[in-house]
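Working notes, beginning with the structure itself.
Ligands are counted one by one from 1 in listed order, and the atoms in each one are counted from 1 as well.
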Amino acid sequence: MEIEFFGAAGEVTGSCHILRVAGRALLIDCGLIQGGGNAAARNRERFPFDPVEIDAVFLTHAHLDHSGRLPLLYKQGFRGPIYTTAASRDLLPVLLYDSADLAAREVERINRRREPGEPPATALYDREDVAQCLGQVKALRYDTDYAPFPGVSLCLREAGHILGSSSLQLDLQEGALRRRVVFSGDLGQYDSPILHDPHRFSSADLVVMECTYGDRLHRERDATLQELAGIIAEAAATRGNIVMPSFAVGRSQELLYLLGKHYDDWQLAPWKIFLDSPMAIEASKIYWRHVDRHDDEAQQLRASVAAMPALPNFVATRSVEESRAINAHRSFALIIAGSGMCNGGRVLHHLARNLPRRECHVIIAGYQAPGTLGRSLVDGAERVNIYGEEVAVRAALHTVGGLSAHADQRDLLRWYDSFENRPPVCLVHGEPEPLAAFKRELAARNIRGWAPGRGDIIDILAATTSTTNVR
Ligand code: ZN
């Protein structure tokens, strides 16, 4: 029984671990490495294992940094089942086809600039690879025990991060030895809109947990909502537009939900609310359809309206023409568009139009990686470059931090505290600083914790019985 850490070890993206037990090799997630630098090159590297030898994939959720290399895994010979929740199964095509399309466009761009005699670039995978890979997906119910292999029992538990997100509870057996290992997956904030809170566990022998924000506390939710209400009131007073760059899966739906819930108190009637992203529109349909994953409040809201989102002035724009037509609105347009970090997508033309106007407002609600346009805006740039043109930044910029889809340090500790037997912890999915900070928090509570590096192996039996663990 062992776990080998390949991805999201000492970093945030590219989640991928192998669990070896009872003669099987099981992959936990198979994510894309995202961000700038050498990410593209690293995604092209061979897997440090033979995809043919993987018996199954257990997928925690649909985000690309956890699922984005599944088509590549299939392309390189993996033919086993991919077990995940029904909601993740429904979201996967939205994300993976978009990822293939993005790769195709990128390759086209590279090949246009190709020198004569240079071999043409090829995409990491294409739509056909995605289709084949999706054929391997098997949906499982939450809170139900499955035994995909002798000695391996799997139960998916709510992780509260995005629709369909799960923590994996694995009961493993080799001979007379039994161990329970829990992989947190990405964990959401408690009391976040729409979704249930993360599952309360009671015991485990070993926990593998994310700590993206292991060193940070988000602003209280009430303060965040007041902040949003204030910005909307201000924009109404200045008679401008509001642009909200947003991730297609998760953040967009939360925003729409919050706008619907606070429609009256935030005086949204004079506004038109645009969701300008075909991908977010698709994801939203899936979000509203999986009613069983909604918390009590979301179910009540839903019961009181004809359709979600609960917004009479909601406009979903799919075509490029519809998207362009939004430009005619000089005031009272609230535009939610991707990409979330403003490094591409339709949000760019909305920013180009609205940034130079003092009466307009831009709300940045998510993490902005260094080198992205979103980061320049957060850092207070006075001029930015969009489509090769210089654009003056005169609109009011607002950074709203309390809407993160990730648990903060307090939430992570609250999640861990549900394990009454205080099991040892392997920390993954965090940059070095949050990892170190969260490890200190655990140490202060006398809990053993490690932050395994890429290629490190943890012997589960040794980790749960002695103090010499990483080899
Ligand atoms: Zn995620």
*Which residues pass the ring pair (Phe, Tyr, Trp, His ring centres under 6.0 Å) test with Tyr125, sequence neighbours left out?*
none
_Does Arg293 qualify as a cation-pi partner of Tyr142, given the criterion of NZ or CZ under 6.0 Å from the six-membered ring centre and within 45 degrees of its axis?_
yes
*Are there any protein N/O/S atoms under 2.8 Å from the Zn ion (ligand 1), and if so, which?*
His61 NE2, His63 ND1, His161 NE2, Asp186 OD2
*Scan for salt bridge (Lys or Arg N to Asp or Glu O under 4.0 Å) pairs involving residues 274-288, sequence neighbours excluded, and state none if there are none.*
Asp276-Arg346, Glu282-Lys285, Glu282-Arg318
*Just grab all the salt bridge (Lys or Arg N to Asp or Glu O under 4.0 Å) pairs involving residues 185-214, residues at least two apart or on different chains.*
none
*Considering only NZ, NE, NH1 and NH2 on the basic side and carboxylate oxygens on the acidic side, decide whether Glu106 and Arg109 come within less than 4.0 Å.*
yes
_Heavy-atom count check: over 12 atoms from other residues, nucleotides or ligands less than 6.0 Å from Arg44 CZ?_
yes
